[in-house]
Amino acid sequence: MFNKAGIQATVYVYIIMMIAGVQTGKLQILRGQSASMACFFREWDKTTLIRWRSKEGILTSGKKVYKHENNIEVQKPTEYDWTLVIKKADDGLAGNYTCETENGTVIAQYTLEIIYPPRIIQDRSSATRVVFEEGSTPNLTCHFSGVPTPTVCWYRGLRDALDTGITGEILRLPSVSRYASDTYICEGKNFVNSRNYTIDLQVNFPVEVDVMEEVIKVQVGAVVSLVCAVEGQPIKEGYWRDPQGKTIISGWKFNVTAEKDGDFPVQYITATSQVGALLSTDFGDYTCVGEGDSNSASKVTRLVQSESASDVIN
Ligand SMILES: *[C@@H]1O[C@H](CO)[C@@H](O)[C@H](O)[C@H]1NC(C)=O
Ligand SMILES: *[C@@H]1O[C@H](CO)[C@@H](O)[C@H](O)[C@H]1NC(C)=O
Ligand SMILES: *[C@@H]1O[C@H](CO)[C@@H](O)[C@H](O)[C@H]1NC(C)=O
Ligand SMILES: *[C@@H]1O[C@H](CO)[C@@H](O)[C@H](O)[C@H]1NC(C)=O
Ligand SMILES: *[C@@H]1O[C@H](CO)[C@@H](O)[C@H](O)[C@H]1NC(C)=O
């Protein structure tokens, strides 16, 4: 019925029936396309002039056109036909059309609906990127214009988007969790076409810190890795502090790396001692610190010196 590439073809739905001797029809015409409405009147008295009337009043009488002269005409394929033709349908021409005799007897009646594909109404919809706190109740909103009124359904995820099965203009996320951070797609759809709009949701939560091991026993000079996970949204910083309270940076004693875990809001901070660099004065409490927007958190790994090789195995 329609051409996805550019909607060049006419979407044209024409339902017609007779109600109490009056032809009654409903036309759905794509914006910009032409519409024609038939009116057949056969009487002995052929001098009767047939009129078309709309919400604007009398449009035509016989073949004479009173309004929209450039856009409207009456065609007579037979002498009994008084077909009203609208060359280019626009929103202003939507409404009811009545074909009648001079004395007001109704012969045909049509409802003209101008249809068009969904389009996002930006200022009544969520921004393309929104940020909420964990535990709040975000409402993701997509308003689409379009006739017939588009239905809206929601998908989650950018690649391999999942159909949430939720429909309607508002996607409510009560008491939202950190795991809800994702891309959400709303699809506005009517029979003319469909259109997607994408909203990136970021759920913020305070940072939390956890260490891989609370106590590590090694010998002087050993290579040891201090590993901690900093979880939070956003994470401004994550680092290790030595027993003297100084931030550890990569150098001759330690090599520090920070790794992300895919799209999860977590960072793994690893400080690995260089071969032979660990001195007896380096043992003590190492603190992993995570800093977020509103808080910071920390946790300690105790580095204990072991005397013998057997201690290391424990
Ligand atoms: C057009 O006609 C239909 C049925 O005759 C009616 O329900 C509807 O309200 C009319 N619409 C307008 C805009 O007058
Ligand atoms: C109106 O005109 C039609 C057709 O010419 C005719 O059949 C009908 O009787 C007329 N009605 C009135 C009220 O004059
Ligand atoms: C979302 O809608 C619900 C219910 O209408 C309301 O309680 C809540 O405050 C809304 N959330 C936001 C962030 O506006
Ligand atoms: C909208 O996105 C969904 C999920 O990715 C996809 O299935 C659908 O085909 C898209 N629709 C349009 C019009 O791009
Ligand atoms: C630190 O570790 C990374 C990854 O293990 C390595 O690629 C890099 O060369 C190391 N840097 C130093 C200064 O040792």
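Sequential numbering from 1 along the given sequence is applied to the chain's residues. Computed from a predicted structure; not experimentally measured.
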Legend entry - Heavy-atom check, side chain of Arg302 versus side chain of Phe283, under 4.5 Å: no
Inset, instruction - Could you walk me through whether His143 and Val152 pass side-chain contact (heavy atoms from CB on, under 4.5 Å), step by step? - result: CA-CA 8 Å; His143 283 292; Val152 181; over 6 Å; no
Legend entry - Ala38 backbone acceptor or donor facing Thr83 side chain under 3.5 Å: no
Legend entry - Nearest heavy atoms of Leu93 and Glu56, plus distance in Å: CD2-OE2, 4.2 Å
Inset, instruction - Taking the side chain as every heavy atom from C-beta outward, state whether Pro265 and Phe205 have any atom pair closer than 4.5 Å. - result: yes
Legend entry - Interatomic spacing from OH in Tyr110 to OH in Tyr97 - rounded to 0.5 Å: 13.0 Å
Legend entry - Test side-chain contact (heavy atoms from CB on, under 4.5 Å) applied to Ser126 - qualifying residues, sequence neighbours left out: Val130, Leu140, Thr141, Ile199
Inset, instruction - Find out if a path of hydrophobic residues (ILVMFWY) with successive side-chain heavy-atom gaps under 4.5 Å connects Ile115 to Ile120. - result: no
Inset, instruction - Show your reasoning for whether side-chain hydrogen bond (donor to acceptor under 3.5 Å, both in side chains) applies to Asp200 and Gln202. - result: CA-CA 7 Å; Asp200 282 315; Gln202 177 182 313; over 6 Å; no
Inset, instruction - Verify the cluster assignment for Ile121 and Phe144: are they in a single hydrophobic cluster under the rule of side-chain heavy atoms below 4.5 Å apart? - result: no
Legend entry - For Asp293, side chain to side chain donor-acceptor pair (under 3.5 Å) partners two or more places apart: none
Atom pairs and distances, side-chain donor-acceptor, residues 245-254, under 3.5 Å, sequence neighbours left out:
{"unit_1": "Ser250", "atom_1": "OG", "unit_2": "Asn255", "atom_2": "OD1", "d": "3.3"}
{"unit_1": "Ser250", "atom_1": "OG", "unit_2": "Val256", "atom_2": "N", "d": "2.8"}
{"unit_1": "Ser250", "atom_1": "OG", "unit_2": "Val256", "atom_2": "O", "d": "3.3"}
{"unit_1": "Lys253", "atom_1": "NZ", "unit_2": "Ala277", "atom_2": "O", "d": "3.4"}
{"unit_1": "Lys253", "atom_1": "NZ", "unit_2": "Asp282", "atom_2": "OD1", "d": "3.2"}
{"unit_1": "Lys253", "atom_1": "NZ", "unit_2": "Asp282", "atom_2": "OD2", "d": "2.6"}

Legend entry - Value rounded to 0.5 Å, distance of CG in Asp90 from CZ in Arg31: 9.0 Å
Legend entry - Distance-minimising heavy-atom pair for Ile269 and Ala258: CD1-CB, 3.9 Å
Inset, instruction - Indicate yes or no for a side-chain donor-acceptor contact from Ser298 to the backbone of Thr287 under 3.5 Å, with no hydrogens or angles considered. - result: no
Inset, instruction - Can you run down the salt bridge (Lys or Arg N to Asp or Glu O under 4.0 Å) pairs that involve residues 166-193, sequence neighbours left out, and say none if there aren't any? - result: Glu134-Arg178, Arg156-Asp182, Arg178-Glu208, Arg178-Glu231
Legend entry - N/O donor-acceptor pair under 3.5 Å between Asn103 side chain and Thr105 backbone: yes
Inset, instruction - May I have all residue pairs that pass salt bridge (Lys or Arg N to Asp or Glu O under 4.0 Å) and include part of residues 96-124, sequence neighbours excluded? - result: Arg51-Glu100, Arg53-Glu100
Inset, instruction - Applying side-chain contact (heavy atoms from CB on, under 4.5 Å), run through Arg241 and Val289 and close with a yes or a no. - result: CA-CA 7 Å; Arg241 266 198 212 128; Val289 182; 3.9 Å; yes
Inset, instruction - Write down the atom of Cys288, the atom of Val230, and the distance for their closest heavy-atom approach. - result: SG-CG2, 4.1 Å
Legend entry - Flag side-chain contact, heavy atom, 4.5 Å: Leu278 against Leu303: yes
Inset, instruction - To the nearest 0.5 Å, tell me how far Ser294 OG sits from Glu133 CD. - result: 6.5 Å
Legend entry - Atom of Ser145, atom of Pro150 and distance for their closest heavy-atom approach: O-CG, 3.5 Å
Legend entry - Asp91, CG atom: more than 12 neighbouring heavy atoms under 6.0 Å: yes
Legend entry - Glu73: side-chain contact (heavy atoms from CB on, under 4.5 Å) partners, not counting sequence neighbours: Gln75, Val85, Lys87
Inset, instruction - Taking Thr111 for its side chain and Lys26 for its backbone only, find out whether a donor-acceptor pair lies under 3.5 Å. - result: no
Legend entry - side chain to side chain donor-acceptor pair (under 3.5 Å) partners for Ser136, two or more places apart: none
Inset, instruction - May I ask you to decide if Trp82's main-chain N or O and Trp52's side chain share a donor-acceptor pair within less than 3.5 Å? - result: yes
Inset, instruction - Could you tell me the separation between the CD1 atom of Ile50 and the CG atom of Leu84, rounded to the nearest 0.5 Å? - result: 12.5 Å
Inset, instruction - Flag the pair Thr101 / Ile107 as yes when at least one side-chain heavy-atom distance between them is below 4.5 Å, and no otherwise. - result: yes
Legend entry - Intermediate values then yes/no, side-chain contact (heavy atoms from CB on, under 4.5 Å), Thr167 and Thr151: CA-CA 7 Å; Thr167 58; Thr151 56; over 6 Å; no
Legend entry - Closest heavy-atom pair and its distance - Leu49, Ser61: CD1-OG, 4.0 Å
Inset, instruction - Quick one: list whatever passes side chain to side chain donor-acceptor pair (under 3.5 Å) with Thr78, sequence neighbours left out. - result: Asp81
Inset, instruction - Check the hydrophobic clustering (I, L, V, M, F, W, Y; side-chain heavy atoms under 4.5 Å; chains of links allowed) and say if Val227 and Val300 are grouped together. - result: no
Legend entry - Of Leu201, Thr137, Leu173, Asn204, the residue whose pairing with Phe132 passes side chain to side chain contact (heavy atoms under 4.5 Å, CB included): Leu201
Inset, instruction - Identify whether Ile185 and Leu171 are in the same connected component of the hydrophobic contact network (ILVMFWY, side-chain heavy atoms under 4.5 Å). - result: no
Legend entry - Linked, directly or transitively: Phe191 and Leu30 (ILVMFWY side chains, under 4.5 Å): yes
Legend entry - Any donor-acceptor pair under 3.5 Å from Lys299 side chain to Ala229 backbone: no
Inset, instruction - Tell me, please, which residues at least two apart from Lys63 pass side-chain contact (heavy atoms from CB on, under 4.5 Å). - result: Lys76
Legend entry - Pairing residues for Asn295 by the side chain to side chain donor-acceptor pair (under 3.5 Å) criterion, not counting sequence neighbours: none
Legend entry - Test log, rule side-chain contact (heavy atoms from CB on, under 4.5 Å), inputs Tyr184 and Ile166: CA-CA 12 Å; Tyr184 293 83; Ile166 295 165; over 6 Å; no
Legend entry - Distance (rounded to the nearest 0.5 Å) between Thr48 OG1 and Arg42 CZ: 14.0 Å
Legend entry - Leu59 side chain near Tyr66 side chain, heavy-atom distance below 4.5 Å: no
Inset, instruction - Report the residues that fulfil side-chain contact (heavy atoms from CB on, under 4.5 Å) with Pro243, sequence neighbours left out, ordered by chain and then residue number. - result: Tyr286
Inset, instruction - Check whether more than 12 heavy atoms from other residues, nucleotides or ligands sit under 6.0 Å from atom CD of Glu214, and answer yes or no. - result: no
Inset, instruction - Determine, for cysteines Cys153 and Cys186, whether their SG atoms are under 2.5 angstrom apart. - result: no
Inset, instruction - Please report the closest heavy-atom contact between Gly188 and Pro118, naming both atoms and the distance. - result: O-CG, 3.4 Å
Inset, instruction - Just grab all the side-chain hydrogen bond (donor to acceptor under 3.5 Å, both in side chains) pairs involving residues 257-279, residues at least two apart or on different chains. - result: Ser225-Thr272
Inset, instruction - Please answer whether the main-chain N or O of Val218 pairs with a side-chain N or O of Gln305 as donor and acceptor at a distance below 3.5 Å. - result: no
Legend entry - Side-chain touch Gln28/Pro148, heavy atoms, less than 4.5 angstrom: yes
